[in-house]
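Structure first, commentary second.
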Amino acid sequence: MAPASVRPASVSRILAFSCVDGPGSRLVIFFQGCNMDCPGCHNPQTIGQCNQCGDCVTHCPNGALSLEHGLGQRKRRRCDRRLCQGCDLCLPHCPRSANPNAQSFEVSELVERIALHAPLLDGVTFSGGEATLQRQFLARMCQELDRDPRTAQLGRLIDSNGLLAAGHWPTLLERVDGVMLDIKALDGSIHRRLTGRSNAMVLESARLLARAGKLIELRWLVVEGVNDGDAEVEALVRLWHSLPSPPPLRLNRFRHHGVSARGRALGETGPSTMEALHHRLALAGVSLLPLVTL
Ligand code: SF4
Ligand code: SF4
Ligand code: SF4
């Protein structure tokens, strides 16, 4: 029996080669849409979903964007890939933090795109936005990647904010090698300030993934003066030691590059703060990835 069809995925961007989104050389798919709303997001155009308002159309200097009649006379935003130069000048003009040049992909189209680059890749990373929001598509695509001899050997990782109910993880975990998980804050109110959401589900995800042997990296975006206080650091150390086979922790420095005006209201984190935090966590027995303070 043919498998049931899944809805196409909304994809913000595809990076054909990256060496910082997991081990080795990787193709990265940035899915469109996120269930958090972080002021400090470095890809704020991946947060929202397009509502076809058309506000972006006149801001494309290359005439790539248009609002056209779709099915049922409802107008739809369209991006002509032949004209789009990838200049990103349209991004700040979307009132919904969506990406005017996001594209819709069927499973077979994305598998073909991955297969094209497969000879040069160690794996694929599913990022976002929040990739797990499009989990039915993701699960089906992983099945098809397994079936295709051109892509079956590629590793598969999810880059996630962890805001996914426990019951949804097993189907995904059967099909990927592991998850790189962002922890934004341990204190609930600090987490809400940094993401707009509670962290209860995120912490549950961290424990679930570690128990399943699928948590391969933890990330901590350090926002100076917000989540680098003593109580936060001590709670992070406790969490890390409580996990079975805890993965290495990557400290990321909050910078203003790419963030929205809301994010620029938060102060940038200084290199000396990062070094002090790295040293303190190492002394507390936490296994850390090398610090990059650029
Ligand atoms: S979870 Fe990640 S992608 Fe989503 S808003 Fe926060 S920083 Fe951006
Ligand atoms: S990224 Fe593409 S759609 Fe957006 S302004 Fe540039 S050319 Fe136009
Ligand atoms: S991308 Fe944003 S501005 Fe453009 S049509 Fe969609 S919601 Fe409107």
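Whatever order the structure lists them in is the order used to number ligands and atoms, beginning at 1.
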Atoms of ligand 3 close to [X] [distance to a heavy atom under 4.0 angstrom, numbered from 1]:
| X | result |
| --- | --- |
| P95 | 3 (S) |
| C50 | 1 (S), 5 (S), 6 (Fe), 7 (S) |
| R77 | 5 (S) |

- Relative to atom 4 (Fe) of ligand 2, which among A64, C90, C79 owns the nearest non-hydrogen atom? C90
- Message: Quick test of your reading of the structure: of G48, A102, G54, S97, whose heavy atom lies closest to atom 5 (S) of ligand 3?
- Response: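 Among G48, A102, G54, S97, the closest heavy atom to atom 5 (S) of ligand 3 comes from G54.
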Only heavy atoms of [X], strictly under 4.0 Å: list the atoms of ligand 2 that pass.
| X | value |
| --- | --- |
| D88 | 1 (S), 6 (Fe) |
| Q85 | 2 (Fe), 7 (S) |
| L65 | 3 (S) |
| N62 | 7 (S) |
| N101 | 1 (S), 2 (Fe), 4 (Fe) |

- Identify which one of V222, L194, V259 satisfies the side-chain contact (heavy atoms from CB on, under 4.5 Å) criterion when paired with F254. V259
- Which atom names give the shortest non-hydrogen contact between H42 and H257, and what distance separates them? CD2-O, 3.1 Å
- Which atom of V176 lies closest to which atom of K214, heavy atoms considered: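 Looking at all heavy atoms of both residues, the closest pair is O-NZ, 2.6 Å.
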To the nearest 0.1 Å, how far is [atom] from its closest protein heavy atom, and which atom is that?
| atom | answer |
| --- | --- |
| atom 2 (Fe) of ligand 3 | C94 SG, 2.3 Å |
| atom 8 (Fe) of ligand 1 | C41 SG, 2.3 Å |
| atom 1 (S) of ligand 3 | P100 CA, 3.6 Å |
| atom 6 (Fe) of ligand 2 | C87 SG, 2.3 Å |
| atom 7 (S) of ligand 3 | N51 OD1, 3.3 Å |

Could you check whether [Y] and [X], counting side-chain N and O atoms only, form a donor-acceptor pair closer than 3.5 Å?
| X | Y | answer |
| --- | --- | --- |
| T125 | D159 | no |
| E106 | S108 | no |
| D21 | S18 | yes |
| S12 | Q32 | yes |
| T273 | E224 | yes |

- Item | Structural part of K184 in contact with ligand 1, heavy atom criterion under 4.0 angstrom |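 The answer is the side chain of K184.
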- Logged contact type for C38 with ligand 1, heavy-atom cut-off 4.0 Å, is both
Using a 4.0 Å cut-off to any heavy atom of [X], which atoms of ligand 1 qualify?
| X | result |
| --- | --- |
| G129 | 3 (S) |
| C34 | 1 (S), 3 (S), 4 (Fe), 5 (S) |
| M36 | 1 (S), 5 (S) |
| N161 | 1 (S) |
| I47 | 5 (S) |

- Would you say L221 and L281 are hydrophobically clustered, going by side-chain heavy atoms of ILVMFWY under 4.5 Å? no
- Query: Is it the case that one hydrophobic cluster holds both W220 and L239, taking links as side-chain heavy atoms less than 4.5 Å apart, direct or via other members?
  - Reply: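 Cluster IDs for W220 and L239 match.
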- Any sub-3.5 Å donor-acceptor pair from N161's side-chain atoms to E130's backbone N or O?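 Answer holds: no.
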- Task: Could you point out which residue of D146, D177, D122 forms a salt bridge (charged side-chain N to carboxylate O under 4.0 Å, His left out) with R156?
- Result: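 Exactly one candidate clears the test, D146.
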- Message: What's the separation between atom CE in M180 and atom CD1 in I158, rounded to the nearest 0.5 Å?
- Response: 9.5 Å
- Query: Does ligand 2 have any atom that is closer than 4.0 Å to a heavy atom of P61?
  - Reply: yes
- Going through the checks in order, is the salt bridge (charged side-chain N to carboxylate O under 4.0 Å, His left out) test met by R280 and D230? CA-CA 10 Å; R280 181 173 173 184; D230 286 348; 2.9 Å; yes
- Message: At less than 2.8 Å, would any N/O/S atom of C84, backbone or side chain, sit next to atom 6 (Fe) of ligand 2?
- Response: no
- Could you confirm whether C60 has any N/O/S atom lying under 2.8 Å from atom 8 (Fe) of ligand 2? yes
- Query: Can you tell me if NE2 on H59 sees more than 12 non-hydrogen neighbours from other groups inside 6.0 Å?
  - Reply: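 More than 12 heavy atoms, drawn from other residues, nucleotides or ligands, come within 6.0 Å of this atom.
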